[in-house]
Undergrad: 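Got a structure here, written out as structure tokens. Questions coming.
As the structure lists them, so they are numbered: ligands from 1, and atoms in each ligand from 1. Positions are given from 1 along the sequence. Worth knowing before you read on, the calculation uses all heavy atoms, side chains too, and leaves out hydrogens, waters and symmetry mates.
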Amino acid sequence: MAKPKLTFCCQTCGTLYPKWTGQCTGCCEWNTIVEEASVEALPPSRYQGFAGIGTTLTRMADVTLEKEFRLSSGLQELDRVLGGGIIMGSAILIGGDPGIGKSTILLQAIAHLSQTCKVLYVTGEESPQQITLRARRLGLPENHLWLLADTHVENIIKHVQKEKPRVLVIDSIQTMLTSLLSSAPGSVGQVRESAMQLVNYAKQTNTALFLVGHVTKEGHLAGPRVLEHMVDTVLYFEGEQDSRHRIIRAVKNRFGAVNEIGIFAMTEKGLREINQPSAIFLSRYEQPVAGSIITASKEGSRPLLVEVQALVDQSHAGNPRRLSVGLDTQRLSMLLAILNRHSGISTHSLDVFLNVVGGLQIFETAADLPILFAILSSLRNRPLPADLIVFGELGLAGEIRPVPGGQERLKEASKHGFKIAMVPQGNLPPKSMDGMKIFPVQALKEAVACIEHLALLPTA
Ligand code: TYD
Ligand code: MG
């Protein structure tokens with residue numbers, strides 16, 4: 001085979017180079033030059049694109065649709081993040097820290113799928129023996145589970161063209177390499193080319209494809225950003241290694257809602273799904289403690305009760321620290337500024353630490369008000385009532401804005417025995433709720449006065 005022609009291309013401005021250099025002379029950016037195969041070297045299937053080549057124009061009204069066909073992975077929580085099951089011909093990328101359970105969940109899913117259709121698990125990291133050992137330990141059905149230990153994309157495609165599995169797992173995309181490029185596996189160019197060929201294969205043959213992706217220290221998928229554009233669905237594992245709970249979140253989904261989460265527990269029998277997760281993110285104390293508050297969060301389509309903890313302490317450094325686990329640190333700084341400006345409560349000489357119990361990450365703004373109350377409670381060293389639930393978004397003018405799904409949040413809280421709620425005025429239910437006293441608030445000042453009264457917090 002003739003050696004494929006290679007070029008190096010700046011990913012920012014597109015300038016071409018015959019060899020790699022550190023800085024692009026076209027746009028002066030550093031580390032943007034990546035090896036690429038030139039078009040002549042590519043197999044035809046590669047430049048036909050994902051959607052295939054159309055020689056005529058199509059009127060939308062004439063497009064015929066096949067019935068959307070979804071396979072169940074056997075794990076309801078995984079199906080729900082995927083939008084109701086695995087769509088044939090879709091490419092799904094699963095990212096997460098090492099050891100969080102990516103290989104385990106895919107092995108469990110594919111073992112279930114192997115009962116009804118042909119599946120292939122391609123491993124570039126573990127040997128077939130290791131995978132078999134794990135499958136046996138988990139008691140998974142193994143009769144129809146096919147394994148392939150290979151990292152050459154061209155080889156893999158040759159095999160799958162012959163065997164025609166309906167579901168293909170690649171563990172992991174960073175170990176794959178294509179002979180089109182000479183760079184090492186895991187490099188940006190290799191990951192992109194390998195993924196491109198595999199995704200193309202999946203689209204053209206209507207195969208469901210799972211790609212396992214490594215993440216960097218910062219928690220982003222390693223390799224090119226374009227990887228996330230190439231696939232239909234991007235799932236991320238969240239959760240702390242030392243906590244039992246594992247959360248899978250859809251950050252992109254062409255076939256379902258984003259930010260939908262699936263919740264699992266890692267057990268000695270693999271990942272077990274948790275179908276009633278609403279109270280698992282609460283730590284239970286005998287007595288209420290200062291700095292802790294429960295909020296009703298709505299990640300995806302279902303409400304979850306989540307405990308947010310704050311610790312405020314005298315700062316001994318010139319720059320007080322603002323740290324948060326599971327919440328946005330930038331937003332925390334903004335909230336502290338709002339607290340100072342609109343309630344006159346200053347934290348400029350204090351360190352502020354925030355934590356969401358159970359390793360969950362909260363991205364929604366409904367946590368704004370509870371965060372400030374947790375901080376206030378820690379600052380004054382007074383616990384908040386144990387049966388209090390709070391949610392609401394804060395604006396820069398100190399106003400409290402309604403959040404989506406207010407009624408569902410309140411219902412979930414009521415179901416778990418919460419009796420006092422503080423909510424944005426716009427989220428006040430039309431009818432009063434049995435057993436729950438609801439305080440609607442419109443501005444931060446009013447909310448702080450209300451909580452000072454409710455929790456008997458001493459005024460500053
Ligand atoms: P794994 O799926 O190999 O992680 P990844 O592919 O994301 O790197 O998960 C391995 C971790 O999960 C390992 O730390 C052990 C733990 N584990 C269990 O606790 N129970 C089990 O049944 C299995 C299979 C793994
Ligand atoms: Mg793995």
Undergrad: Numbering the atoms of ligand 1 from 1, which are under 4.0 Å from a heavy atom of Gly101?
TA: 1 (P), 2 (O), 4 (O), 5 (P), 7 (O), 9 (O)
Undergrad: Working to the nearest 0.5 Å, report the span between CG of Leu354 and CD1 of Ile375.
TA: 5.0 Å
Undergrad: Check this for me, if you would: do Arg409 and Glu364 make a salt bridge, where the nitrogen-to-carboxylate-oxygen distance has to be below 4.0 angstrom?
TA: yes
Undergrad: If you compare all heavy atoms of Arg80 against all heavy atoms of Ile261, which two are closest, and at what distance to 0.1 Å?
TA: NE-O, 3.5 Å
Undergrad: Any N/O of Pro98 closer than 3.5 Å to an N/O of ligand 1?
TA: no
Undergrad: Please write down residue, atom name and distance for the protein heavy atom closest to atom 22 (O) of ligand 1.
TA: Gly270 N, 2.8 Å
Undergrad: Would you name the heavy atoms of Gly392 and Pro370 that are closest together and state the gap between them?
TA: N-CD, 4.2 Å
Undergrad: Starting from atom 20 (N) of ligand 1, which protein heavy atom do you reach first, and at what distance in Å?
TA: Thr267 O, 2.7 Å
Undergrad: Nearest protein heavy-atom contact for atom 3 (O) of ligand 1: which residue, which atom, what distance?
TA: Arg134 NH2, 3.0 Å
Undergrad: Got a protein heavy atom sitting under 4.0 Å from atom 18 (C) of ligand 1?
TA: yes
Undergrad: Check Glu408, Glu77, Glu412 against Arg302 for a salt bridge (charged side-chain N to carboxylate O under 4.0 Å, His left out) and give me the one that passes.
TA: Glu77
Undergrad: Considering only the protein, which heavy-atom contact is closest to atom 6 (O) of ligand 1, and what is its distance?
TA: Ser103 OG, 2.6 Å
Undergrad: Return the residue, atom name and 0.1 Å-rounded distance of the protein heavy atom closest to atom 24 (C) of ligand 1.
TA: Arg137 NH2, 3.5 Å
Undergrad: Could you find the nearest protein heavy atom to atom 10 (C) of ligand 1 and give me its residue, atom name and distance?
TA: Gly99 O, 3.9 Å
Undergrad: So which protein heavy atom does atom 9 (O) of ligand 1 come closest to, and at what separation?
TA: Thr104 OG1, 3.5 Å
Undergrad: Ile100 heavy atoms, cut-off 4.0 Å: which ligand 1 atoms fall inside?
TA: 4 (O), 7 (O)
Undergrad: Tell me, which protein residue and heavy-atom name are nearest atom 12 (O) of ligand 1, and how many Å apart are they?
TA: Met266 CE, 3.1 Å
Undergrad: Do Arg136 and Glu142 meet the salt-bridge criterion of a basic N to acidic O distance under 4.0 Å?
TA: yes
Undergrad: Examine Ser103 and say whether one of its N/O/S atoms is closer to the Mg ion (ligand 2) than 2.8 Å.
TA: yes
Undergrad: When you check the gap from the basic side-chain N to the acidic O, do Glu126 and Arg134 get nearer than 4.0 Å?
TA: yes
Undergrad: Between OG of Ser377 and CG of Leu384, what distance do you get to the nearest 0.5 Å?
TA: 4.0 Å
Undergrad: For His214 and Ser172, work out which heavy atoms get closest and say how close.
TA: NE2-OG, 3.3 Å
